[in-house]
Amino acid sequence: MEIMRVLGDLVCTQRIPGLQSASLRLLENNKGVRLVATDPVGVPPGKWVFTNVGSAARLAMPDVTVMTDLTICGIIDDWDA
Amino acid sequence: MEIMRVLGDLVCTQRIPGLQSASLRLLENNKGVRLVATDPVGVPPGKWVFTNVGSAARLAMPDVTVMTDLTICGIIDDWDA
Amino acid sequence: MEIMRVLGDLVCTQRIPGLQSASLRLLENNKGVRLVATDPVGVPPGKWVFTNVGSAARLAMPDVTVMTDLTICGIIDDWDA
Amino acid sequence: MEIMRVLGDLVCTQRIPGLQSASLRLLENNKGVRLVATDPVGVPPGKWVFTNVGSAARLAMPDVTVMTDLTICGIIDDWDA
Amino acid sequence: MEIMRVLGDLVCTQRIPGLQSASLRLLENNKGVRLVATDPVGVPPGKWVFTNVGSAARLAMPDVTVMTDLTICGIIDDWDA
(Lines give C-alpha, C1' and ligand atoms only; values in the text may rest on other atoms or scores of the structure.)
Protein backbone atom coordinates (compact mmCIF):
# COMPACT_ATOMS: atom_id res chain seq x y z
CA MET A 1 0.00 0.00 0.00
CA GLU A 2 1.42 3.36 -1.05
CA ILE A 3 1.58 6.35 1.27
CA MET A 4 0.05 9.59 -0.05
CA ARG A 5 -1.21 12.93 1.18
CA VAL A 6 -4.78 14.19 0.67
CA LEU A 7 -4.91 17.54 -1.15
CA GLY A 8 -8.70 17.95 -1.28
CA ASP A 9 -11.83 17.07 -3.23
CA LEU A 10 -11.87 16.56 -6.98
CA VAL A 11 -14.31 18.68 -8.93
CA CYS A 12 -15.70 16.47 -11.71
CA THR A 13 -19.20 16.86 -13.16
CA GLN A 14 -18.77 14.41 -16.04
CA ARG A 15 -17.80 10.86 -15.19
CA ILE A 16 -18.58 7.24 -16.10
CA PRO A 17 -21.69 5.68 -14.50
CA GLY A 18 -19.49 2.98 -12.92
CA LEU A 19 -18.05 5.49 -10.44
CA GLN A 20 -21.56 6.08 -9.12
CA SER A 21 -21.64 8.77 -6.46
CA ALA A 22 -18.36 7.77 -4.84
CA SER A 23 -16.38 10.58 -3.18
CA LEU A 24 -13.27 11.42 -5.18
CA ARG A 25 -10.18 12.88 -3.51
CA LEU A 26 -7.11 14.45 -5.02
CA LEU A 27 -3.95 12.87 -3.57
CA GLU A 28 -0.24 13.51 -3.96
CA ASN A 29 2.23 10.62 -3.94
CA ASN A 30 5.87 10.61 -2.82
CA LYS A 31 7.04 11.94 -6.20
CA GLY A 32 4.70 14.93 -6.09
CA VAL A 33 2.37 13.38 -8.69
CA ARG A 34 -1.33 14.08 -8.19
CA LEU A 35 -3.76 11.15 -8.41
CA VAL A 36 -7.52 10.63 -8.00
CA ALA A 37 -8.82 8.12 -5.43
CA THR A 38 -12.13 6.93 -4.07
CA ASP A 39 -12.45 7.52 -0.34
CA PRO A 40 -14.57 5.21 1.85
CA VAL A 41 -12.98 6.59 5.02
CA GLY A 42 -13.79 10.30 4.76
CA VAL A 43 -10.37 11.94 5.06
CA PRO A 44 -9.85 15.69 5.55
CA PRO A 45 -7.24 17.55 3.43
CA GLY A 46 -3.65 17.48 4.70
CA LYS A 47 -3.82 13.97 6.17
CA TRP A 48 -1.42 11.19 5.25
CA VAL A 49 -3.14 8.00 4.07
CA PHE A 50 -2.23 4.64 2.57
CA THR A 51 -3.95 3.35 -0.53
CA ASN A 52 -4.78 0.16 -2.43
CA VAL A 53 -4.39 -0.11 -6.21
CA GLY A 54 -5.84 -2.49 -8.78
CA SER A 55 -8.55 -5.00 -7.92
CA ALA A 56 -7.78 -4.45 -4.22
CA ALA A 57 -9.00 -0.86 -4.67
CA ARG A 58 -12.43 -2.10 -5.70
CA LEU A 59 -12.59 -4.73 -2.97
CA ALA A 60 -11.71 -2.04 -0.40
CA MET A 61 -14.89 -0.09 -1.22
CA PRO A 62 -18.10 -0.78 0.73
CA ASP A 63 -19.72 -1.32 -2.68
CA VAL A 64 -17.30 -3.44 -4.76
CA THR A 65 -19.03 -2.49 -8.03
CA VAL A 66 -17.59 1.04 -7.90
CA MET A 67 -15.13 1.13 -10.82
CA THR A 68 -12.01 2.56 -9.19
CA ASP A 69 -8.34 1.54 -9.31
CA LEU A 70 -7.16 3.59 -6.28
CA THR A 71 -8.83 3.64 -2.87
CA ILE A 72 -7.89 5.18 0.47
CA CYS A 73 -7.57 2.39 3.08
CA GLY A 74 -6.62 4.20 6.25
CA ILE A 75 -5.27 7.33 7.89
CA ILE A 76 -1.73 7.29 9.28
CA ASP A 77 -1.83 8.76 12.76
CA ASP A 78 1.72 9.86 13.10
CA TRP A 79 3.83 10.51 10.07
CA ASP A 80 6.90 12.48 9.28
CA ALA A 81 7.19 12.70 5.49
CA MET B 1 -6.74 6.99 -11.03
CA GLU B 2 -4.05 8.85 -12.95
CA ILE B 3 -4.51 12.35 -14.31
CA MET B 4 -3.73 12.84 -18.01
CA ARG B 5 -4.38 15.25 -20.85
CA VAL B 6 -6.15 14.31 -24.08
CA LEU B 7 -4.04 15.05 -27.18
CA GLY B 8 -6.47 13.76 -29.82
CA ASP B 9 -7.65 10.68 -31.68
CA LEU B 10 -5.40 7.75 -32.51
CA VAL B 11 -5.19 6.75 -36.16
CA CYS B 12 -5.03 2.95 -36.24
CA THR B 13 -6.42 0.85 -39.10
CA GLN B 14 -5.00 -2.49 -37.95
CA ARG B 15 -5.96 -3.70 -34.48
CA ILE B 16 -7.01 -6.84 -32.60
CA PRO B 17 -10.71 -7.86 -32.86
CA GLY B 18 -11.02 -7.55 -29.06
CA LEU B 19 -10.85 -3.76 -29.25
CA GLN B 20 -13.99 -3.81 -31.42
CA SER B 21 -14.94 -0.34 -32.62
CA ALA B 22 -13.99 1.43 -29.39
CA SER B 23 -12.85 5.05 -29.72
CA LEU B 24 -9.11 5.34 -29.05
CA ARG B 25 -7.60 8.55 -27.72
CA LEU B 26 -4.00 9.64 -27.46
CA LEU B 27 -3.22 10.87 -23.94
CA GLU B 28 -0.18 12.40 -22.26
CA ASN B 29 0.63 11.58 -18.65
CA ASN B 30 2.46 13.73 -16.09
CA LYS B 31 5.86 12.62 -17.39
CA GLY B 32 5.08 13.65 -20.95
CA VAL B 33 4.66 10.02 -22.06
CA ARG B 34 1.96 9.38 -24.65
CA LEU B 35 -0.48 6.52 -24.06
CA VAL B 36 -3.53 5.07 -25.84
CA ALA B 37 -6.87 4.83 -24.00
CA THR B 38 -10.43 3.79 -24.75
CA ASP B 39 -12.88 6.64 -24.21
CA PRO B 40 -16.49 5.95 -23.14
CA VAL B 41 -17.01 9.60 -22.18
CA GLY B 42 -16.25 11.37 -25.47
CA VAL B 43 -13.57 13.87 -24.48
CA PRO B 44 -12.39 16.69 -26.77
CA PRO B 45 -8.63 17.33 -27.18
CA GLY B 46 -6.97 19.55 -24.55
CA LYS B 47 -9.11 18.36 -21.64
CA TRP B 48 -7.69 16.93 -18.42
CA VAL B 49 -9.11 13.53 -17.53
CA PHE B 50 -8.53 10.77 -14.98
CA THR B 51 -8.11 7.17 -16.04
CA ASN B 52 -8.44 3.59 -14.82
CA VAL B 53 -5.80 0.95 -15.54
CA GLY B 54 -5.87 -2.84 -15.48
CA SER B 55 -9.08 -4.81 -15.02
CA ALA B 56 -10.78 -1.60 -13.82
CA ALA B 57 -10.24 -0.19 -17.33
CA ARG B 58 -12.34 -2.95 -18.83
CA LEU B 59 -15.03 -2.72 -16.16
CA ALA B 60 -15.26 1.04 -16.80
CA MET B 61 -16.33 0.44 -20.40
CA PRO B 62 -20.05 0.18 -21.25
CA ASP B 63 -19.13 -3.15 -22.90
CA VAL B 64 -16.74 -4.97 -20.52
CA THR B 65 -15.55 -7.31 -23.29
CA VAL B 66 -13.54 -4.52 -24.94
CA MET B 67 -9.92 -5.57 -24.42
CA THR B 68 -8.36 -2.39 -23.05
CA ASP B 69 -6.04 -1.70 -20.12
CA LEU B 70 -6.54 2.10 -19.95
CA THR B 71 -9.91 3.88 -19.96
CA ILE B 72 -10.94 7.49 -19.47
CA CYS B 73 -13.26 7.72 -16.43
CA GLY B 74 -14.12 11.42 -16.18
CA ILE B 75 -13.28 14.97 -17.15
CA ILE B 76 -11.73 17.25 -14.53
CA ASP B 77 -13.59 20.53 -14.59
CA ASP B 78 -10.98 22.78 -13.13
CA TRP B 79 -7.37 21.86 -13.27
CA ASP B 80 -4.12 23.69 -13.10
CA ALA B 81 -1.38 21.28 -14.26
CA MET C 1 -2.13 1.03 -23.64
CA GLU C 2 1.56 1.86 -23.97
CA ILE C 3 3.20 2.86 -27.22
CA MET C 4 6.29 0.88 -28.24
CA ARG C 5 8.41 0.14 -31.28
CA VAL C 6 8.99 -3.36 -32.68
CA LEU C 7 12.68 -4.26 -32.90
CA GLY C 8 12.31 -7.80 -34.25
CA ASP C 9 11.75 -11.42 -33.30
CA LEU C 10 12.96 -12.93 -30.05
CA VAL C 11 15.15 -16.00 -30.33
CA CYS C 12 14.17 -18.32 -27.48
CA THR C 13 14.41 -22.11 -27.68
CA GLN C 14 13.65 -22.81 -24.02
CA ARG C 15 10.36 -21.51 -22.64
CA ILE C 16 7.45 -22.52 -20.42
CA PRO C 17 4.73 -24.72 -22.00
CA GLY C 18 2.15 -22.00 -21.22
CA LEU C 19 3.54 -19.76 -23.94
CA GLN C 20 2.73 -22.49 -26.48
CA SER C 21 3.90 -21.57 -29.98
CA ALA C 22 3.01 -17.89 -29.69
CA SER C 23 5.13 -15.47 -31.73
CA LEU C 24 7.40 -13.41 -29.47
CA ARG C 25 8.56 -9.96 -30.49
CA LEU C 26 11.25 -7.75 -29.01
CA LEU C 27 9.88 -4.25 -28.34
CA GLU C 28 11.37 -1.00 -27.10
CA ASN C 29 9.36 1.33 -24.88
CA ASN C 30 9.61 5.12 -24.54
CA LYS C 31 12.51 4.81 -22.07
CA GLY C 32 14.59 2.67 -24.41
CA VAL C 33 13.90 -0.47 -22.35
CA ARG C 34 13.52 -3.68 -24.32
CA LEU C 35 10.55 -5.96 -23.54
CA VAL C 36 9.13 -9.22 -24.88
CA ALA C 37 5.54 -9.35 -26.17
CA THR C 38 3.22 -11.86 -27.80
CA ASP C 39 2.04 -10.69 -31.21
CA PRO C 40 -1.39 -11.73 -32.57
CA VAL C 41 -1.26 -9.03 -35.25
CA GLY C 42 1.94 -9.95 -37.11
CA VAL C 43 3.93 -6.73 -36.99
CA PRO C 44 7.09 -6.14 -39.05
CA PRO C 45 10.18 -4.60 -37.37
CA GLY C 46 10.32 -0.81 -37.16
CA LYS C 47 6.57 -0.31 -36.69
CA TRP C 48 5.04 1.58 -33.78
CA VAL C 49 2.43 -0.40 -31.87
CA PHE C 50 0.33 -0.09 -28.72
CA THR C 51 0.23 -2.87 -26.17
CA ASN C 52 -1.90 -4.32 -23.37
CA VAL C 53 -0.39 -5.44 -20.06
CA GLY C 54 -1.64 -7.74 -17.30
CA SER C 55 -4.78 -9.83 -17.69
CA ALA C 56 -5.76 -7.68 -20.69
CA ALA C 57 -2.68 -9.05 -22.48
CA ARG C 58 -4.02 -12.58 -22.21
CA LEU C 59 -7.55 -11.60 -23.19
CA ALA C 60 -6.15 -9.84 -26.26
CA MET C 61 -4.74 -13.12 -27.61
CA PRO C 62 -6.87 -15.29 -29.94
CA ASP C 63 -6.18 -18.11 -27.46
CA VAL C 64 -6.61 -16.67 -23.94
CA THR C 65 -4.70 -19.56 -22.36
CA VAL C 66 -1.37 -18.26 -23.69
CA MET C 67 0.52 -17.15 -20.54
CA THR C 68 1.68 -13.67 -21.51
CA ASP C 69 1.61 -10.32 -19.68
CA LEU C 70 2.30 -8.09 -22.72
CA THR C 71 0.50 -8.28 -26.07
CA ILE C 72 0.56 -6.12 -29.19
CA CYS C 73 -2.94 -4.76 -29.83
CA GLY C 74 -2.57 -2.66 -32.96
CA ILE C 75 -0.28 -0.85 -35.35
CA ILE C 76 -0.20 2.96 -35.27
CA ASP C 77 -0.47 4.21 -38.83
CA ASP C 78 1.07 7.59 -38.42
CA TRP C 79 3.41 8.32 -35.58
CA ASP C 80 6.11 10.79 -34.89
CA ALA C 81 8.05 9.56 -31.85
CA MET D 1 8.77 -10.26 -5.78
CA GLU D 2 10.39 -7.02 -4.69
CA ILE D 3 13.03 -6.82 -2.00
CA MET D 4 12.40 -4.34 0.84
CA ARG D 5 13.53 -3.58 4.36
CA VAL D 6 11.21 -3.53 7.38
CA LEU D 7 11.28 -0.20 9.23
CA GLY D 8 8.71 -1.02 11.92
CA ASP D 9 5.01 -1.09 12.73
CA LEU D 10 2.50 1.32 11.25
CA VAL D 11 0.39 3.28 13.70
CA CYS D 12 -3.09 3.52 12.19
CA THR D 13 -6.27 3.74 14.27
CA GLN D 14 -8.64 4.49 11.41
CA ARG D 15 -8.79 2.00 8.54
CA ILE D 16 -11.27 0.23 6.27
CA PRO D 17 -13.04 -2.84 7.70
CA GLY D 18 -11.56 -4.96 4.88
CA LEU D 19 -8.11 -4.80 6.47
CA GLN D 20 -9.52 -6.48 9.56
CA SER D 21 -6.94 -6.80 12.32
CA ALA D 22 -4.04 -7.60 10.00
CA SER D 23 -0.58 -6.49 11.20
CA LEU D 24 0.68 -3.56 9.14
CA ARG D 25 4.40 -2.95 8.67
CA LEU D 26 6.23 0.06 7.30
CA LEU D 27 8.70 -0.99 4.61
CA GLU D 28 11.30 0.82 2.52
CA ASN D 29 11.94 -0.20 -1.08
CA ASN D 30 15.16 0.09 -3.10
CA LYS D 31 14.40 3.73 -3.97
CA GLY D 32 13.98 4.76 -0.34
CA VAL D 33 10.20 4.99 -0.71
CA ARG D 34 8.18 3.92 2.31
CA LEU D 35 5.23 1.54 1.79
CA VAL D 36 2.68 -0.23 3.98
CA ALA D 37 2.38 -4.03 3.88
CA THR D 38 0.44 -6.77 5.63
CA ASP D 39 2.71 -9.21 7.42
CA PRO D 40 1.68 -12.87 7.86
CA VAL D 41 5.27 -13.87 8.77
CA GLY D 42 5.95 -11.64 11.79
CA VAL D 43 9.13 -9.81 10.80
CA PRO D 44 11.19 -7.72 13.22
CA PRO D 45 12.44 -4.26 12.15
CA GLY D 46 15.68 -4.12 10.19
CA LYS D 47 15.14 -7.39 8.31
CA TRP D 48 15.18 -7.68 4.52
CA VAL D 49 12.08 -9.30 3.08
CA PHE D 50 10.53 -9.99 -0.32
CA THR D 51 6.95 -9.04 -1.06
CA ASN D 52 4.01 -9.85 -3.33
CA VAL D 53 1.88 -7.14 -4.95
CA GLY D 54 -1.61 -7.17 -6.46
CA SER D 55 -3.92 -10.16 -6.20
CA ALA D 56 -0.92 -12.29 -5.15
CA ALA D 57 -0.69 -10.13 -2.00
CA ARG D 58 -4.17 -11.19 -0.96
CA LEU D 59 -3.61 -14.84 -1.84
CA ALA D 60 -0.42 -14.80 0.26
CA MET D 61 -2.40 -13.96 3.41
CA PRO D 62 -3.70 -16.82 5.63
CA ASP D 63 -7.11 -15.13 5.24
CA VAL D 64 -7.50 -14.18 1.55
CA THR D 65 -10.34 -11.75 2.32
CA VAL D 66 -7.91 -9.24 3.88
CA MET D 67 -7.95 -6.29 1.43
CA THR D 68 -4.24 -5.67 0.92
CA ASP D 69 -2.13 -5.08 -2.21
CA LEU D 70 1.30 -5.67 -0.61
CA THR D 71 2.24 -8.64 1.58
CA ILE D 72 5.51 -9.84 3.07
CA CYS D 73 6.26 -13.36 1.75
CA GLY D 74 9.56 -14.27 3.36
CA ILE D 75 12.67 -13.14 5.18
CA ILE D 76 15.96 -13.11 3.29
CA ASP D 77 18.58 -14.77 5.46
CA ASP D 78 21.67 -13.24 4.02
CA TRP D 79 21.52 -9.98 2.16
CA ASP D 80 23.94 -7.28 1.30
CA ALA D 81 21.92 -4.28 0.06
CA MET E 1 7.45 -9.63 -20.40
CA GLU E 2 10.49 -7.96 -18.86
CA ILE E 3 14.04 -9.00 -19.61
CA MET E 4 16.27 -9.74 -16.59
CA ARG E 5 19.48 -11.50 -15.70
CA VAL E 6 19.72 -14.38 -13.23
CA LEU E 7 22.16 -13.67 -10.39
CA GLY E 8 21.71 -16.91 -8.45
CA ASP E 9 19.59 -18.68 -5.85
CA LEU E 10 17.84 -16.90 -3.00
CA VAL E 11 18.63 -18.14 0.49
CA CYS E 12 15.37 -17.94 2.46
CA THR E 13 14.52 -20.28 5.30
CA GLN E 14 11.39 -18.47 6.48
CA ARG E 15 8.61 -17.96 3.96
CA ILE E 16 4.83 -18.14 3.62
CA PRO E 17 3.30 -21.62 3.08
CA GLY E 18 1.81 -20.40 -0.24
CA LEU E 19 5.24 -20.40 -1.87
CA GLN E 20 5.50 -24.13 -1.15
CA SER E 21 8.86 -25.55 -2.19
CA ALA E 22 9.18 -23.44 -5.33
CA SER E 23 12.72 -22.58 -6.45
CA LEU E 24 13.46 -18.91 -5.87
CA ARG E 25 15.99 -17.06 -8.00
CA LEU E 26 17.57 -13.66 -7.51
CA LEU E 27 17.25 -11.57 -10.70
CA GLU E 28 18.47 -8.15 -11.77
CA ASN E 29 16.35 -5.95 -14.02
CA ASN E 30 17.46 -3.31 -16.53
CA LYS E 31 17.78 -0.69 -13.78
CA GLY E 32 20.09 -2.84 -11.67
CA VAL E 33 17.31 -3.57 -9.15
CA ARG E 34 17.35 -7.05 -7.65
CA LEU E 35 14.08 -9.02 -7.55
CA VAL E 36 12.96 -12.49 -6.45
CA ALA E 37 11.25 -14.83 -8.93
CA THR E 38 9.93 -18.37 -9.03
CA ASP E 39 11.69 -20.49 -11.66
CA PRO E 40 9.84 -23.36 -13.40
CA VAL E 41 12.51 -23.52 -16.12
CA GLY E 42 15.68 -24.15 -14.08
CA VAL E 43 17.96 -21.35 -15.19
CA PRO E 44 21.69 -21.23 -14.33
CA PRO E 45 23.21 -17.95 -13.04
CA GLY E 46 24.32 -15.43 -15.66
CA LYS E 47 21.57 -16.22 -18.17
CA TRP E 48 19.19 -13.63 -19.58
CA VAL E 49 15.52 -14.50 -19.14
CA PHE E 50 12.11 -12.92 -19.66
CA THR E 51 9.54 -12.89 -16.91
CA ASN E 52 5.79 -12.63 -16.27
CA VAL E 53 4.36 -10.45 -13.50
CA GLY E 54 0.99 -10.41 -11.73
CA SER E 55 -1.59 -13.15 -12.24
CA ALA E 56 0.33 -14.28 -15.33
CA ALA E 57 3.22 -15.19 -13.00
CA ARG E 58 1.03 -17.67 -11.16
CA LEU E 59 -0.49 -19.09 -14.34
CA ALA E 60 3.02 -19.63 -15.71
CA MET E 61 3.88 -22.03 -12.88
CA PRO E 62 3.24 -25.77 -13.33
CA ASP E 63 1.27 -25.52 -10.07
CA VAL E 64 -0.88 -22.36 -10.29
CA THR E 65 -1.46 -22.31 -6.52
CA VAL E 66 2.13 -21.16 -5.87
CA MET E 67 1.72 -17.58 -4.56
CA THR E 68 4.23 -15.70 -6.69
CA ASP E 69 4.02 -12.40 -8.61
CA LEU E 70 7.16 -12.89 -10.76
CA THR E 71 8.01 -16.02 -12.75
CA ILE E 72 10.75 -16.84 -15.25
CA CYS E 73 9.12 -17.79 -18.59
CA GLY E 74 12.05 -18.53 -20.87
CA ILE E 75 15.77 -18.21 -21.53
CA ILE E 76 16.91 -15.81 -24.22
CA ASP E 77 19.43 -17.61 -26.41
CA ASP E 78 21.26 -14.67 -27.83
CA TRP E 79 21.27 -11.36 -26.03
CA ASP E 80 23.46 -8.35 -26.00
CA ALA E 81 22.47 -6.25 -22.97
Side-chain angles (χ1 to χ4, degrees), chain D residues 1-8 19-25 27-81, chain E residues 1-43 45-46 49-73:
Chain D
M1 292 165 277
E2 261 191 81
I3 293 167
M4 304 190 185
R5 199 164 61 91
V6 177
L7 297 179
L19 276 171
Q20 302 173 30
S21 59
S23 294
L24 298 180
R25 299 275 183 267
L27 309 185
E28 191 177 62
N29 71 8
N30 70 79
K31 291 175 190 154
V33 173
R34 284 173 285 179
L35 298 157
V36 178
T38 44
D39 177 9
V41 180
V43 186
K47 288 282 184 187
W48 290 92
V49 296
F50 56 94
T51 58
N52 263 353
V53 291
S55 55
R58 290 195 298 282
L59 295 167
M61 292 293 290
D63 176 351
V64 297
T65 68
V66 173
M67 291 302 95
T68 179
D69 70 355
L70 186 67
T71 298
I72 295 173
C73 292
I75 303 175
I76 305 180
D77 296 329
D78 201 1
W79 183 256
D80 198 17
Chain E
M1 292 165 276
E2 261 189 81
I3 294 169
M4 304 190 185
R5 200 163 59 91
V6 177
L7 296 181
D9 294 329
L10 185 85
V11 181
C12 164
T13 49
Q14 224 175 327
R15 54 178 172 176
I16 55 165
L19 276 171
Q20 302 172 28
S21 58
S23 294
L24 299 180
R25 297 278 183 264
L26 196 61
L27 309 185
E28 191 177 61
N29 71 8
N30 69 80
K31 291 175 190 154
V33 173
R34 283 173 285 180
L35 298 157
V36 177
T38 45
D39 177 10
V41 180
V43 186
V49 296
F50 57 94
T51 57
N52 262 352
V53 292
S55 56
R58 290 195 298 284
L59 295 167
M61 292 293 290
D63 176 350
V64 297
T65 68
V66 173
M67 291 302 95
T68 179
D69 70 356
L70 185 69
T71 297
I72 296 173
C73 292

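First the proteins, then the strands, lettered A, B, ... as listed; each starts at 1.
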Answer with side chain, backbone, both or neither: which region of Thr38(E) has an atom nearer than 4.5 Å to a non-hydrogen atom of chain D?
->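 Both backbone and side chain.
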Can you list every pair that meets salt bridge (charged side-chain N to carboxylate O under 4.0 Å, His left out) and has a residue in residues 45-72 of chain D, with sequence neighbours left out?
->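 For residues 45-72 of chain D: none.
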What part of Asn30(D) gets closer than 4.5 Å to chain E, counting heavy atoms only: side chain, backbone, both or neither?
->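 For Asn30(D), side-chain heavy atoms alone lie under 4.5 Å from chain E.
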Within residues 11-27 of chain E, which positions have a heavy-atom distance to chain D below 4.5 Å?
->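 When heavy atoms of chain D are the reference, residues 11-27 of chain E contributes Val11(E), Cys12(E), Thr13(E), Gln14(E), Arg15(E), Ile16(E), Leu19(E), Leu24(E), Leu26(E) within the under-4.5 Å range.
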Please identify each residue that fulfils side chain to side chain donor-acceptor pair (under 3.5 Å) with Thr51(D), with sequence neighbours left out.
->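 Side chain to side chain donor-acceptor pair (under 3.5 Å) check on Thr51(D) returns nothing, list empty.
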Roughly how far, to the nearest 0.5 Å, is CD1 of Ile3(D) from CG of Leu10(E)?
->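 Between Leu10(E) CG and Ile3(D) CD1, I get 6.5 Å after rounding to 0.5 Å.
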Rounded distance (nearest 0.5 Å) linking atom CE of Met67(E) with atom CE of Met61(D) |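 Going from CE on Met67(E) over to CE on Met61(D), the span is 14.0 Å.
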Please tell me if the side chains of Leu35(E) and Met1(D) come closer than 4.5 Å, counting only heavy atoms from C-beta onward.
->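 They are not in side-chain contact.
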